[in-house]
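Inspection log for the structure reproduced underneath, given as structure tokens.
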Amino acid sequence: MQESDKKRANTVRFGLMAIPPVAWAISFSYLFLIANGFRMDWVQAALVPSLIQGAVVGIVCILVWLAYERFMLKAH
């Protein structure tokens with residue numbers, strides 16, 4: 001693998017690692033504000049759904065990385 005391919009793969013990997021925590025934080029923040037505004041249990045109303053969404057986004061990112069690694073890196 002060439003140096004430019006390694007740099008590109010590292011950039012893609014870092015981007016895919018950064019997406020799930022950001023997605024979790026965004027989904028948690030608005031659900032937490034709504035739950036807090038209506039005096040609801042924030043764990044059940046905000047934490048659990050946002051963790052599920054974060055896990056799904058993480059799985060999608062892993063699948064994207066595996067597809068990138070299989071098709072794009074092997075092509076070079």
Name all residues meeting the side chain to side chain donor-acceptor pair (under 3.5 Å) criterion together with Asp41; count only those two or more places apart in sequence or in a different chain, and write none if there are none.
none
From Asn10 atom CG to Asp5 atom CG, the distance as rounded to the nearest 0.5 Å
11.0 Å
For Ile26, the hydrophobic cluster (side chain heavy atoms closer than 4.5 Å, chained through members) also holds Val22
The side-chain contact (heavy atoms from CB on, under 4.5 Å) partners of Phe38 (sequence neighbours excluded) come to Ile34, Met40
Sequence neighbours excluded and cut-off under 3.5 Å, please list the side-chain donor-acceptor pairs for residues 49-68, or say none.
| residue | atom | partner | partner atom | Å |
| --- | --- | --- | --- | --- |
| Ser50 | OG | Trp24 | NE1 | 3.1 |
| Ser50 | OG | Ala46 | O | 2.8 |
| Ser50 | OG | Leu47 | O | 2.9 |

